[in-house]
Structure formats: structure tokens, C-alpha cells
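Just so we're clear, the structure is a prediction, and the values are computed from it rather than from any experiment. Below, all heavy atoms of this structure are taken into account, side chains as well, without hydrogens, waters or symmetry copies.
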Amino acid sequence: MREPLSIRVTTYALLALFVFMVAVPLFWMVTTALKTNKDLYEDFTYLPRHPTVQHFVRVIERDGLLTNIWNSFAVASVTTAVTVVVSAFAAFSIVRYKYRGREWIGRFILFKYVLPTAMLFVSLYAIVVALGLGNTLKSLMLTYLSFTVPFCTWMLMGYFRSIPPELEEHAMASSRRPSSRSPWPGTSSSWRWSSPPTRPR
């Protein structure tokens with residue numbers, strides 16, 4: 001059954017409006033970046049009369065853009081790697097192992113997740129200054145980890161809960177066989193069977 005003409009017209013009109021709202025800022029940024037200073041400040045035009053890339057050259061050569069990009073890449077890479085490893089092991093231990101206080105650890109992680117980020121700025125700054133890490137990349141890494149680890153741990157707890165415990169029981173049983181050569185019987189096999197289902201697809 002075809003939709004009425006009025007619904008189709010309204011749908012396409014809303015889509016056209018959305019495309020216009022997205023395209024105009026992009027058009028403005030591109031044209032502004034290609035304009036000369038004269039076109040920007042003295043003789044304004046919507047389209048650049050004499051397109052130039054001098055602004056890009058100035059940013060790359062004078063403002064240390066490549067250094068900033070490298071610093072961002074280093075901080076993001078280290079933060080991501082540490083977050084994945086720490087969060088995966090933390091979530092796995094909370095969900096699968098039975099020990100005293102694990103419920104409170106899960107609740108504390110949830111509390112940290114719902115806590116407004118702005119409330120932690122002053123305390124994080126005091127910690128960074130006390131450690132002598134002010135104005136360093138290490139301070140950024142530690143600050144980001146305080147936000148990403150609780151969030152990723154809480155998310156991974158849901159992934160590990162969705163994995164049937166029978167998989168791990170089978171892995172632990174097979175690791176105790178004489179043919180098994182695992183240096184850490186049980187734990188390593190359980191982790192080896194549980195980690196693949198949690199990988200993104």
C-alpha cells in the first residue's frame with residue numbers, strides 16, 4: 001500500500017530541510033577556509049574570489065599542528081588500550097568470580113558513571129598537581145581513564161552477563177584434562193572462551 005501524497009511530500013520536505021541545515025555550516029566552513037583575509041574582513045563575499053590555502057599552511061608551519069595531532073594520537077591510543085584491558089578484566093571478575101564486596105564494587109562503578117563530570121574537575125586538578133603532572137600528557141591520560149574505565153567496565157559487565165556460563169564451565173573442564181597444556185588451568189581457558197563473544201561485530 002502506497003503512502004498518501006501528503007505524507008510523502010512532508011517527509012521529503014523535512015529531509016530537504018535537514019540536509020540544508022547540515023550543508024550550510026559545512027559550506028560556510030569550507031568557503032571561509034579558502035578565502036583570503038581581504039575577502040574575509042574588507043570585501044566580504046559568499047564565494048572566495050581568489051581561493052587560497054595559505055591559512056592551512058600557516059597553521060601547519062607556525063602553530064605546531066602536527067605536534068598537537070601526535071599528542072592527541074598518543075593520549076587517545078594509550079587511554080584506549082589501558083581502558084580496554086582494565087575494563088575487560090574488571091568486568092569479567094565482577095560478573096564471573098564470587099568474592100566478598102563485588103556487589104559494592106559494581107554499585108560504586110554505577111555511581112561513578114551517573115555522577116556529573118563537572119563535580120570531579122576540582123578534585124582531579126588537585127590530584128594532578130599533587131602528583132606533579134601538571135601540563136603533561138600523563139595528566140590527560142589519567143584524567144581520561146577516570147571517566148572511561150568506569151563506563152566501559154559497566155558496559156562490559158552486560159556483555160559478560162550475556163555469555164552462557166556453560167561455555168566457561170566447558171572450558172575449565174577441558175583445561176583440566178591431561179592433554180591440556182595451559183600454564184593457568186581454568187582461568188586462561190575460561191577467559192579464552194569468554195572473550196570472543198564480547199568482541200564487536
Side-chain angles (χ1 to χ4, degrees), residues 1-88 91 109-125 128 135-162 197-201:
M1 181 177 180
R2 299 186 61 181
E3 296 180 349
L5 180 61
S6 58
I7 295 179
R8 285 187 291 170
V9 171
T10 304
T11 302
Y12 285 113
L14 293 175
L15 289 176
L17 178 62
F18 176 77
V19 171
F20 177 79
M21 294 174 61
V22 173
V24 168
L26 294 176
F27 169 79
W28 194 270
M29 287 188 293
V30 173
T31 55
T32 302
L34 297 177
K35 290 179 181 179
T36 61
N37 291 332
K38 183 178 180 179
D39 293 337
L40 286 173
Y41 302 111
E42 298 179 8
D43 190 9
F44 176 79
T45 58
Y46 287 99
L47 295 176
R49 290 193 178 93
H50 306 285
T52 178
V53 293
Q54 63 179 355
H55 303 297
F56 297 96
V57 175
R58 181 182 62 82
V59 169
I60 294 175
E61 292 182 349
R62 299 181 183 180
D63 297 342
L65 177 63
L66 298 180
T67 301
N68 295 334
I69 292 177
W70 168 250
N71 291 340
S72 299
F73 176 77
V75 171
S77 300
V78 173
T79 303
T80 302
V82 175
T83 298
V84 170
V85 174
V86 174
S87 300
I109 293 174
L110 177 61
F111 174 75
K112 171 62 180 66
Y113 173 60
V114 300
L115 191 68
T117 305
M119 296 181 60
L120 304 176
F121 288 160
V122 176
S123 57
L124 286 174
Y125 176 77
V128 168
N135 197 26
T136 62
L137 297 181
K138 295 179 181 179
S139 63
L140 282 178
M141 296 175 187
L142 292 176
T143 303
Y144 291 149
L145 287 174
S146 66
F147 300 124
T148 57
V149 169
F151 172 75
C152 293
T153 301
W154 183 256
M155 294 294 293
L156 288 175
M157 286 170 60
Y159 280 112
F160 285 121
R161 286 196 181 101
S162 65
T198 61
R199 296 173 185 171
R201 296 174 176 82

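Screening Leu124, Val128, Val75 against Ser139 for a side chain to side chain contact (heavy atoms under 4.5 Å, CB included) leaves a single residue, Val128.
Ser123 contributes a side-chain N or O that, together with a main-chain N or O of Leu120, makes up a donor-acceptor pair within less than 3.5 Å. Of the possible polar contacts, none joining the Ser77 side chain to the Ala74 backbone as a donor-acceptor pair under 3.5 Å is found. Looking at Thr32, its side chain never comes within 3.5 Å of a backbone N or O of Met29 through a donor-acceptor pair.
Listed here is the closest heavy atom pair of Ala88 and Phe160: O-CE1, 3.5 Å. Nearest heavy atoms, Val22 versus Leu26: O-CG, 3.4 Å. When all heavy atoms of His50 and Asp39 are compared, the pair lying nearest together is N-OD2, 4.0 Å. Contact detail for Thr83 and Thr79: the closest heavy-atom pair is OG1-O, 2.6 Å. Contact detail for Tyr46 and Phe27: the closest heavy-atom pair is O-CZ, 4.2 Å. The two residues Asn37 and His55 come nearest to each other via the heavy atoms OD1-CE1, 3.2 Å.
Within the model, atoms OG1 of Thr136 and CG of Leu142 stand 8.0 Å from one another, a figure rounded to the nearest 0.5 Å. Ser87 OG to Tyr159 OH: the interatomic distance, rounded to the nearest 0.5 Å, is 13.0 Å. Here the CG atom belonging to Leu156 is positioned 11.5 Å from the CZ atom belonging to Arg161, to the nearest 0.5 angstrom. We find the OG1-NZ distance between Thr52 and Lys35 to be 13.5 Å, quoted to the nearest 0.5 Å.
Residues Leu34 and Phe56 meet the side-chain proximity criterion, which asks for heavy atoms closer than 4.5 Å.
The neighbour count for Tyr144 OH, taken as heavy atoms of other residues, nucleotides or ligands under 6.0 Å away, does not exceed 12.
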